[in-house]
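Data block below; observations after.
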Amino acid sequence: MNKKMSLSIQMEEAAITVFSIYFLSQYSLGLSLWVWILLFFSPDISMLGYLFNTKRGAVIYNLFHHRGIALILIGIGFFSQQEIWTSIGILLFAHASFDRMLGFGLKYNNAFKHTHLGTM
């Protein structure tokens, strides 16, 4: 990927992250900012799946970093009027965009550094 395209993708992911964090502030559930900061990084616990093997690690990591799953959770929360699910979905969406802004993509099952964005 050339530098212009990489910068363009990083800027897009940064914008998505900022908008997601704004929406998360609207569904804050009354939690304080420091709790949300901890929760924002909580999907990275999914990297522990790599302690088993790279295939299981990739599946678990991708489950917690897939924006499609985040959108499903947002939809479930919105249509069932359960703000907790909406908040979890927005949090996962924001975190996934933040990771992609930094160059971390969804993982292939052969190596942690082999992502849909290329090799890290």
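Hydrogens, waters and symmetry mates play no part in the numbers below; they use all other heavy atoms, side chains included.
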Is the side chain of [X] donor-acceptor paired with the backbone N or O of [Y] at a distance under 3.5 Å, no angle test?
X	Y	result
Ser97	Thr17	no
Gln10	Met101	yes
Asn62	Leu106	no

For Phe19, the other hydrophobic cluster members (4.5 Å side-chain criterion, sorted by chain and number) are none

Any chance you could lay out the side-chain contact (heavy atoms from CB on, under 4.5 Å) test for Asp44 and Asp99, step after step, and finish with the verdict?
-> CA-CA 10 Å; Asp44 286 334; Asp99 273 7; 3.5 Å; yes

Looking at Ile84, Ile90, Thr86, which hits side-chain contact (heavy atoms from CB on, under 4.5 Å) with Ile88?
-> Ile84

Less than 4.5 Å apart, side chain to side chain, heavy atoms only: is that true for [X] and [Y]?
X	Y	value
Leu92	Pro43	yes
Phe64	Ile69	no
Arg67	Ile16	yes
His65	Phe104	no

Are there more than 12 heavy atoms of other residues, nucleotides or ligands under 6.0 Å from atom CZ of Phe40?
-> yes

Can you list, pair by pair, the side-chain donor-acceptor contacts under 3.5 Å of residues 23-35, counting residues two or more places apart and other chains?
unit_1: Ser25; atom_1: OG; unit_2: Tyr22; atom_2: O; d: 2.5
unit_1: Ser32; atom_1: OG; unit_2: Trp34; atom_2: NE1; d: 2.8

Applying the 4.5 Å side-chain criterion to the ILVMFWY set and letting contacts propagate, would Leu39 and Trp85 be lumped into a single cluster?
-> yes

How far apart are the C-alpha atoms of Tyr50 and Ile60, what are their side-chain angles, what is the distance that settles it, and do they pass the side-chain contact (heavy atoms from CB on, under 4.5 Å) test?
-> CA-CA 8 Å; Tyr50 281 94; Ile60 295 169; over 6 Å; no

